[in-house]
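This structure is in structure tokens; I'll ask about it shortly.
Numbered from 1 within each chain, the chains take letters A, B, ... in sequence-line order. Predicted, not measured: the structure shown is a model, and the values here were computed from it.
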Amino acid sequence: MVLRVYDTKSRQKRVFKALEKGKVGMYVCGITPYSRSHLGHARCYLSFDVIHRWLEYRGYEVNYVQNFTDIDDKIIAVSEAENMDYTVISQRNIDEFFEVMDKMNILRADHYPRVTQTIPEIIEMVSELEKKGNAYSSEDGVYFDIESAPEKYGQLTGQTLENVRAGAGGRVLGTGTGKKNHRDFALWKLAKPDEPYWESPWGKGRPGWHIECSAMSLKHLGKQFDIHGGGHDLRFPHHEAEIFQSECCTGVEPVVNYWMHNGFVNIDGEKMSKSLGNFWTVSDSFKSYSPLALRYALLSVPYRSPIDLTSEFLEDAANHHEKLISAYVDSFSSDVKVDIDLKEHGKSFENSMDDDFNSRGAIIEIQKVISSNCGIGVEDWLEKYAGCILGLLPPKEELLNMVKKASQAREDIADKVESLLSYRDKARENKDWDQADKIREELNEMGVVVEDGEDGPRWKIV
RNA sequence: GCACGAGUGGCAGAGUAGCUAUGCAAUGGACUGCAGAUCCAUGGACCCGGGUGCAAAUCCCGGCUCGUGCUCCA
């Protein structure tokens, strides 16, 4: 089966074909580090992490670029509110971003360019656009002139020039006073007093919101590249703006071969938002769920569909993840022949992933494999599919350590447990069920679970 | 209002006309004193209304609902 990828622009799954054989250039819009990372960020970078891993599994050499928009209005607002330099704010949130994403086993991209380190390239790009007649400067900045390339409008969202109403909802008023047309967007914003700034041909200022991604993708991936990703909300205006900027600047089109957008995160059926009070940062979520259980939950739904996180859904995922781990541990010491066809399940897993990276279908195959007898071959199978590709397994050494600690803990209380169990056995022989259950309850309180089997009771520590 | 997407069993999710999708959960049974684990089995769906067809979740028309975007947003 061949890899098929859903492309937002053509609105269909297309067979994936790299521009350069065996190589993939992938750019994913990164965060604006003005606050801590939330579950929406986690889903986005997790989705592209799995896409990244799958492309590599399929033999592509992936050049993965993810930016930080480390200067922007909101960062400035936070820095003013906290009376700290904006660089402190953005660095703090970038550090936090890496911390939580690392915990979720999200592999690092190859490059993490920052706006503040790409200013010369941005200025160059804006100048070029101005030179080509796609941009004009006005009293408060430089703007992209939509009228200079109207045919490019609406490529990702189907919006027409007429339909984008001026000041929708009355919220645009008061910004961008120098625009000729309300659809134009800022390439360079002149600094107000006390705002951070860089020198430019148009005066002291900073880049507009969209231009940084065009400049950084051009710098790292060239005039044309394979995949551009981001959250669903970025299609318009952000990604459409990028198409204008990049294609008008370089004259090469299309700038991007496959536009990929991940779906949103809802909480209990509602959009996650600060105003609804159901806003979860990633680190908040870690208080209730382990990073890998959260990863399991988020991968349980294909990346394009919206995901509704309810406590039932998350609990399920946490249980499944726990089962996965214990099946993996069980497989370490197994010497019996496995009772399922691992090859078949591997094939189904791969078919799912080839179908627009359907991690849901892939997880179903994992569930099938872990409900087998976990015989010979399962360990390798899980390491490959659940571990390397979906990133759901902790390192083996860590688990072995845990097993070792657990067996140590078991030894420490073994005598006591065994003697209690022998009392229980006697009680059971006498059919004194009350007494037997009482002892079992006592063991439970010690954290020991007793399970009666054909060859007597077995116990384990939970 | 306009644009884009979506509506399948408790949840997730395949499926572009005929054949049990599947996974988890649920229910029943077996095994257990009970519980757990395990095994076996089972039920249950295609937003609504029309139309075309021998046959429609699947095609056509109309409607409804939801999400997202049009404004900073992953």
### Task
With A/His38 as reference, evaluate A/Phe279, A/Trp280, A/Phe264 under the ring-ring contact (aromatic ring centres under 6.0 Å, His included) test and give the passing residue.
A/Phe279
### Query
B/C59 and B/C46: how far apart are their C1' atoms, nearest whole angstrom?
16 Å
### Message
Using the side-chain heavy atoms of A/Tyr6, tell me which of these nucleotides is nearest: B/U68, B/G5, B/C11.
### Response
B/G5
#### Entry: Opposite nucleotide pairing with B/A21, Watson-Crick or G-U, both atom distances under 3.5 Å
none
### Query
Does NZ or CZ of A/Arg410 lie under 6.0 Å from the centre of the six-membered ring of A/Trp459, at an angle within 45° of the ring axis?
yes
### Message
Ring centroids only, cut at 6.0 angstrom: are A/His261 and A/His239 within range, meaning strictly under it?
### Response
yes
### Summary
A/Asp308 CG to B/G10 C1', in whole Å, measures 14 Å
#### Entry: C1' atoms of B/G10 and B/A45, separation to the nearest Å
11 Å
### Interatomic distance at C1', B/G13 relative to B/C70, whole Å
31 Å
### Query
Are A/Tyr45 and A/Phe97 close enough that their ring centres sit under 6.0 Å apart?
yes
### Message
Rounding to an integer number of Å, can you tell me how far A/Arg183 CZ sits from B/C2 P?
### Response
17 Å
#### Entry: Base-pairing mate for B/G5 - Watson-Crick or G-U, with both contacts under 3.5 Å
B/C66
### Query
According to the Watson-Crick and G-U wobble definitions, with both distances under 3.5 Å, which nucleotide is paired to B/C59?
B/G51
### Message
Against the six-membered ring of A/Tyr143, is A/Arg183 placed for a cation-pi contact (under 6.0 Å from the centre, within 45° of the normal)?
### Response
no
### Query
When you measure from the centre of the six-membered ring of A/Tyr34, is the NZ or CZ of A/Lys74 under 6.0 Å away and within 45° of the axis?
yes
Is there any protein nitrogen or oxygen under 3.5 Å from a nitrogen or oxygen in nucleotides 32-36 of chain B, and what are the pairs?
from: B/G33; atom 1: N7; to: A/Arg428; atom 2: NH2; distance (Å): 3.4
from: B/G33; atom 1: O6; to: A/Arg424; atom 2: NH2; distance (Å): 3.4
from: B/G33; atom 1: O6; to: A/Arg428; atom 2: NE; distance (Å): 3.4
from: B/G33; atom 1: N1; to: A/Asp437; atom 2: OD1; distance (Å): 3.0
from: B/G33; atom 1: N2; to: A/Asp437; atom 2: OD1; distance (Å): 3.3
from: B/G33; atom 1: N2; to: A/Asp437; atom 2: OD2; distance (Å): 2.7
from: B/C34; atom 1: O2; to: A/Arg440; atom 2: NH2; distance (Å): 2.5
from: B/C34; atom 1: N3; to: A/Arg440; atom 2: NH1; distance (Å): 2.9
from: B/C34; atom 1: N3; to: A/Arg440; atom 2: NH2; distance (Å): 3.4
from: B/C34; atom 1: N4; to: A/Asp452; atom 2: OD2; distance (Å): 2.6
from: B/A35; atom 1: N1; to: A/Asp452; atom 2: N; distance (Å): 3.2
from: B/A35; atom 1: N3; to: A/Arg440; atom 2: NH1; distance (Å): 3.4
from: B/G36; atom 1: O2'; to: A/Glu451; atom 2: OE2; distance (Å): 3.2
from: B/G36; atom 1: N1; to: A/Asp452; atom 2: O; distance (Å): 3.3
from: B/G36; atom 1: N2; to: A/Asp452; atom 2: O; distance (Å): 3.1

### Task
Identify which nucleotide among B/A12, B/A74, B/C70 has an atom closest to any side-chain atom of A/Phe313, counting heavy atoms from C-beta outward.
B/A12
### Query
In terms of the nearest nucleotide of RNA chain B, which residue is placed more toward the 5' end: A/Tyr45 or A/Arg235?
A/Arg235
### Task
For nucleotides B/A57 and B/A14, find the distance between their C1' atoms and express it as a whole number of Å.
12 Å
### Task
For the pair A/Arg304 and A/Asp356, find out whether any cationic side-chain nitrogen is under 4.0 Å from an anionic carboxylate oxygen.
yes
### Query
Under 4.0 angstrom, heavy atoms only, what part of the nucleic acid is A/Val265 near: base, sugar-phosphate, or nothing?
base
### Message
Just the rounded figure in Å: distance from P of B/C11 to CD of A/Glu315.
### Response
18 Å
### Task
Can you tell me the distance, in whole Å, between the CZ atom of A/Arg4 and the C1' atom of B/G15?
13 Å
### Task
Could you classify B/G53 for me, syn or anti, using a glycosidic angle within 90° of 0 as syn?
syn
### Is_stacked (A/Phe264, B/G67) at 5.5 Å, 30 deg
no
Please produce a list of atom pairs where a protein N or O lies less than 3.5 Å from an N or O of nucleotides 24-28 of chain B.
from: B/C24; atom 1: O2'; to: A/His320; atom 2: NE2; distance (Å): 2.9

### Message
Please compare A/Ile363 and A/Lys13 by the position of their nearest nucleotide in RNA chain B and report the one closer to 5'.
### Response
A/Lys13
### Query
A/Glu240 CD to B/C4 P: how many Å, rounded?
12 Å
### Task
Using the C1' atoms only, state how far B/C11 lies from B/A37, rounded to an integer number of Å.
24 Å
### Query
Using a cut-off of 4.0 Å on non-hydrogen atoms, how would the nucleic acid contact of A/Ser305 be classed: base, sugar-phosphate, or nothing?
sugar-phosphate
### Message
Between A/Arg92 (side chain only) and A/Ile89 (backbone N and O only), is there a donor and an acceptor less than 3.5 Å apart?
### Response
no
### Query
Which whole-number value in Å describes the distance from A/Ile307 CD1 to B/G5 C1'?
18 Å
### Query
Less than 6.0 Å separating the ring centroids of A/His220 and A/Tyr27?
no
### Message
Would you measure the distance from the C1' atom in B/A55 across to the matching atom in B/U42 and give it in whole Å?
### Response
28 Å
### Summary
Using Watson-Crick geometry (N1-N3 plus N6-O4 or O6-N4) or G-U wobble (N1-O2, O6-N3), each under 3.5 Å, B/A37 is paired with none
### Task
Taking atom C1' in both B/A12 and B/G33, compute the distance separating them and give it to the nearest angstrom.
39 Å
### Message
If we ignore hydrogens and angles and just use 3.5 Å, is the side chain of A/Asn373 paired with the main-chain N or O of A/Lys337 as donor and acceptor?
### Response
yes
### Query
Taking the C1' atom of each, how far is B/A17 from B/G63, in whole Å?
24 Å
### Task
Verify whether the ring centers belonging to A/Tyr258 and A/Tyr6 lie closer than 6.0 Å.
no
## Note on the structure
When both distances are under 3.5 Å in a Watson-Crick or G-U wobble arrangement, the nucleotide paired with B/A74 is none
### Task
Name the nucleic acid region contacted by A/Gly263, choosing base, sugar-phosphate or nothing; use a 4.0 angstrom heavy-atom cut-off, strictly under.
base
### Task
Would you mind pulling out the nucleotide paired to B/A26, Watson-Crick or G-U wobble, both distances under 3.5 Å?
B/U42
### Query
Under 3.5 Å, is there a donor-acceptor pair between the side chain of A/Arg14 and the main chain of A/Val5?
no
### Task
Send over the distance from A/Met260 CE to B/A74 C1', rounded to a whole Å.
14 Å
### Message
Can you measure A/His261 atom NE2 to B/U68 atom P for me and round it to whole angstrom units?
### Response
16 Å
